[in-house]
Peer 1: 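What follows is a structure written as structure tokens; I'll ask about it next.
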Amino acid sequence: MSSEHAPVSHFIRNIVEADLASGKHKSIVTRFPPEPNGYLHVGHAKSICLNFGLAQDYAGRCNLRFDDTNPEKESEEYANSIQEDVRWLGFQWAGEVRWASDYFEALYGYAVELIEKGLAYVCELTPEETREYRGSLNAPGRNSPYRERGVAENRDLFARMRAGEFPDGSRVLRAKIDMASPNINLRDPVIYRIRRAHHIRTGDAWCIYPMYDYTHCISDALEGITHSLCTLEFEDHRPLYDWVLDNISIGCHPQQIEFSRLELQYAVTSKRKLLQLVNEKRVSGWDDPRMPTIQGMRRRGYTPEGIREFARRIGISKSDNVVDMSVLEGCIREDLETRAPRVMAVIQPVKVVLSNFEPGVTSSREAGFHPNHPEFGSREVPISREIWIEADDFAENPPPGWQRLVPGGEVRLRYSYVIRCDEVVKDGDGNIVELRCSLDPNTLGKNPEGRKVKGVIHWLSAEHALPAEIRLYDRLFTVPEPDADKDVDFHQYLNPASLTVVNGWVEAAVRDAAPETRYQFERLGYFCADRREHQPGEKLVFNRAVTLKDSWAKEQG
RNA sequence: AGGGGUGUCGCCAAGUGGUAAGGCACCGGAUUUUGAUUCCGGCAUCCGUUGGUUCGAAUCCAGCCACCCCUGCCA
């Protein structure tokens, strides 16, 4: 288990610390408030780590609250996966899961309070008229003709909206603020709409649903949230957040603080676009290992610890940012480096016949599962007359600097003998069929005498190796910012080679590995037994989570 | 009649008047039966820009410039 790194200072921590120091709060309460309308992605992971992490670090609490105010888009499937993802990332929310819908009755009551204070009114403008009356970025809006209705009439109308007397979309409840505000969110925002839709929690109990801006601040206050953290696009909504809480009888006023969303190179992090990729079958599903979803990263083989470390490294700020893939990959490698057992696998096999192999004389060696962790144990790495080596590890015409096998050259078989390539056997088309090699019997566990063999390659005894389906993943997009240009469809940057499936060989030691077991296949990368299709002892399926760093490949360009 | 934000190394990001942290990436070099890991070393005379205040400014002031967000009965 890798040790957690020290927290990194950022402006929200500074605010929390100042509030704790000044006594403004005895302890903090944060919340992670997803809408159950899609799967969580790496950007949500940042928010989860922030909110739950803060609660952890300052001995506070963090709630999980579903913002379920739009029944048309929400589903139980999403709500369940979100809970699973939060837990998988290693966090536990305080108490039960909360739902904004738990507060529908209270929300209704506060709306009545606003009406009674003359601060909300029922408006009968059509959606088109409402838009027209709102004005534009450069021009003030105009008051709705329904704006000056009396309190009693508004109260009656709102009650009848709830009672289902009016058709969907025919009326809304609006906050009476300022149609001339330069902040469009304050131009008498709609706070309730009529929508006859089946809600995942409340069923058909309601036909009116509160809007986000109205719901979120009250939900926060009801839960005693101290710091309500959200992304930058809600900065303009803060005056409304504050307006609602300032105008109802509620004894709590959380502070909303905004930070910038995470953008990741070679990925898209917009629920809409991710949903599109799923619906259009560009990927196999929300958990396709190429997706930047938490489910996808999990299936790929990324670890919760690695993702948490990633969140820590990228920091929290208010500036727009596009984080290098190398940061995420580095975190995953670093975590897996210390905890993944090493075994060998060959993904692009070339047969090698060891001409001087002698049964009963040529012996095997034991190999530890991890160079720095003897406690991981070891296994026998058997050898036989025929072995598989990686096609990339042999070259007839090697480039300068090559350390692997060449005709007439020597190379070390990892945990075994040094071999020399004596003959290259080809078919009629000139393709290599097999390599004839001889081993130096005096090199098992020791260096050859009188010469140095620099190259070490991985290999597998053909007699003992197990077949495995191996899925090699590459970035989903061909450019770092596939959705940077609004006029260019991001689909055109889909990487056609983002998935390569090969039939390779693995060591018998992984035969019974449970799904989600991670290994380092030496010299190839970190791999994870597929969560869904890998069957221990039956059908072996491994996903490549991330390659190893490869300074040779880099040097080759 | 517009409003709200952001600009510090290729990418993140500390710093909040006392003379530019850290991470990733990158470049050297050492060790290595993973061209991995590990280990050493290098990597912003400069903080969007122009002026100003000050003994002293990335930090304060003014003006410019660039980019992001906002006109859902979405969140």
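By convention in this document, chain letters (A, B, ...) are assigned in the order of the sequence lines, proteins followed by strands, and residues within each chain are numbered from 1. FYI, side chains are in, hydrogens and waters are out, and symmetry mates aren't considered; it's all heavy atoms of this structure.
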Peer 1: Check whether any side-chain N or O of A:Arg171 sits under 3.5 Å from a backbone N or O of A:Val122 as a donor-acceptor pair, and report yes or no.
Peer 2: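 Pair absent, no side-chain N/O of A:Arg171 close to backbone of A:Val122.
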Peer 1: Could you check whether atom CD of A:Glu128 has more than 12 heavy atoms from other residues, nucleotides or ligands sitting under 6.0 Å from it?
Peer 2: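 More than 12 within 6.0 Å, yes.
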Peer 1: Any carboxylate oxygen within less than 4.0 angstrom of a Lys/Arg side-chain nitrogen, looking at A:Arg339 and A:Glu305?
Peer 2: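 Here A:Arg339 pairs with A:Glu305 in a salt bridge, since their nearest N and O are under 4.0 Å apart.
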Peer 1: Using a 5.5 Å cut-off between ring centres and planes within 30 degrees, is A:Tyr212 stacked on the base of B:A75?
Peer 2: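 No, the aromatic ring of A:Tyr212 does not stack with the base.
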Peer 1: Please classify B:G72 as syn or anti, treating any glycosidic angle within 90° of 0 as syn.
Peer 2: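 Syn, angle within 90° of zero.
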Peer 1: If only side-chain N and O atoms of A:Thr69 are considered, is one of them under 4.0 Å from the OP1 or OP2 phosphate oxygen of B:A75?
Peer 2: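 A:Thr69 to B:A75 OP1/OP2: side-chain N or O found under 4.0 Å.
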Peer 1: Which residue, A:Tyr103, A:Tyr78, A:Trp99, forms the ring-ring contact (aromatic ring centres under 6.0 Å, His included) with A:Phe66?
Peer 2: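 When ring-ring contact (aromatic ring centres under 6.0 Å, His included) is applied between A:Phe66 and each of A:Tyr103, A:Tyr78, A:Trp99, only A:Trp99 qualifies.
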Peer 1: Output yes when at least one side-chain N/O atom of A:Arg312 is less than 4.0 Å from OP1 or OP2 of B:C12, else no.
Peer 2: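 So the side-chain polar atoms of A:Arg312 never come under 4.0 Å of the phosphate oxygens OP1 or OP2 of B:C12.
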Peer 1: Report all interatomic pairs (protein N or O, nucleotide N or O of nucleotides 24-27 of chain B) with separations under 3.5 Å.
Peer 2:
{"from": "B:C24", "atom 1": "O2'", "to": "A:Ser326", "atom 2": "OG", "distance (Å)": "2.9"}
{"from": "B:C26", "atom 1": "OP1", "to": "A:Lys554", "atom 2": "NZ", "distance (Å)": "2.6"}

Peer 1: Give a yes/no on whether any side-chain N or O of A:Arg193 is located under 4.0 angstrom from OP1 or OP2 of B:A75.
Peer 2: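 For B:A75, OP1 or OP2 has a side-chain N or O of A:Arg193 closer than 4.0 Å.
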Peer 1: On the nucleotide B:G3, are OP1 or OP2 found under 4.0 Å from the side-chain N or O atoms that A:Ser181 carries?
Peer 2: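 No, no such contact exists.
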Peer 1: Nearest whole Å is fine: how far is B:U31 P from A:Asn447 CG?
Peer 2: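 So the CG-P distance, A:Asn447 to B:U31, works out to 14 Å.
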Peer 1: Do A:Arg171 side-chain and B:C73 base share a donor-acceptor contact under 3.5 Å?
Peer 2: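 Counting by modelled atom types and ignoring angles, no donor-acceptor contact under 3.5 Å is found here.
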Peer 1: Applying a 3.5 Å limit to both distances, which nucleotide forms a Watson-Crick or G-U wobble pair with B:A75?
Peer 2: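 None - no nucleotide pairs with B:A75, as no candidate has both distances under 3.5 Å.
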Peer 1: Do A:Arg412 and B:U33 have a side chain to base donor-acceptor pair shorter than 3.5 Å?
Peer 2: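 Per atom types, the contact qualifies.
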Peer 1: The side chain of A:Val323 lies closest to which of these nucleotides: B:G15, B:G72, B:C12?
Peer 2: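 The nucleotide sitting nearest to the side chain is B:C12.
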Peer 1: Look at the side-chain N and O atoms of A:Ser319 and state whether any lies under 4.0 Å from the OP1 or OP2 oxygen of B:C12.
Peer 2: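 For B:C12, OP1/OP2 do not have a side-chain N/O of A:Ser319 under 4.0 Å.
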Peer 1: Start at the 5' end of RNA chain B and walk down; is the nucleotide closest to A:Gln403 or to A:Glu128 reached first?
Peer 2: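 The residue whose closest nucleotide sits nearer the 5' end is A:Gln403.
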Peer 1: From B:G5, B:G72, B:G4, pick the nucleotide closest to the side chain of A:Lys318?
Peer 2: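 Within the option list, the nearest is B:G5.
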Peer 1: Is the backbone N or O of A:Ile383 less than 3.5 Å from a side-chain atom of A:Ser461, with the two atoms forming a donor-acceptor pair by type?
Peer 2: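 Not at all, since once roles are kept as given, no pair shorter than 3.5 Å links the two residues.
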Peer 1: For a quick test of reading the model: is some side-chain N or O of A:Asn185 closer than 4.0 Å to OP1 or OP2 of B:U71?
Peer 2: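 A:Asn185 to B:U71 OP1/OP2: no side-chain N or O under 4.0 Å.
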Peer 1: Between the base of B:G35 and the side chain of A:Arg404, is one N or O donor paired with an acceptor at under 3.5 angstrom?
Peer 2: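 Yes.
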Peer 1: Between the base of B:G4 and the side chain of A:Asn183, is one N or O donor paired with an acceptor at under 3.5 angstrom?
Peer 2: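 Such a pair does not exist between side chain and base.
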Peer 1: Could you pick out which residue, A:Gln265 or A:Arg131, lies toward the 5' side of RNA chain B when each is mapped onto its nearest nucleotide?
Peer 2: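 The 5'-side residue here is A:Gln265.
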Peer 1: Where the side chain of A:Met211 is concerned, which of B:C74, B:G7, B:G35 is the nearest nucleotide?
Peer 2: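 Given the options B:C74, B:G7, B:G35, the side chain of A:Met211 is closest to B:C74.
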Peer 1: Quick one: label A:His237 by what it contacts on the DNA or RNA (base, sugar-phosphate, nothing), any heavy atom closer than 4.0 Å.
Peer 2: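 Base contact.
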Peer 1: Could you tell me whether the side chain of A:Arg523 has a donor or acceptor atom within less than 3.5 Å of a complementary atom in the base of B:U33?
Peer 2: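 No, no donor-acceptor pair under 3.5 Å.
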Peer 1: With C1' as the reference atom in both, quote the distance from B:C27 to B:G15 in angstrom, rounded to an integer.
Peer 2: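 Each nucleotide's C1' atom is 27 Å from the other's.
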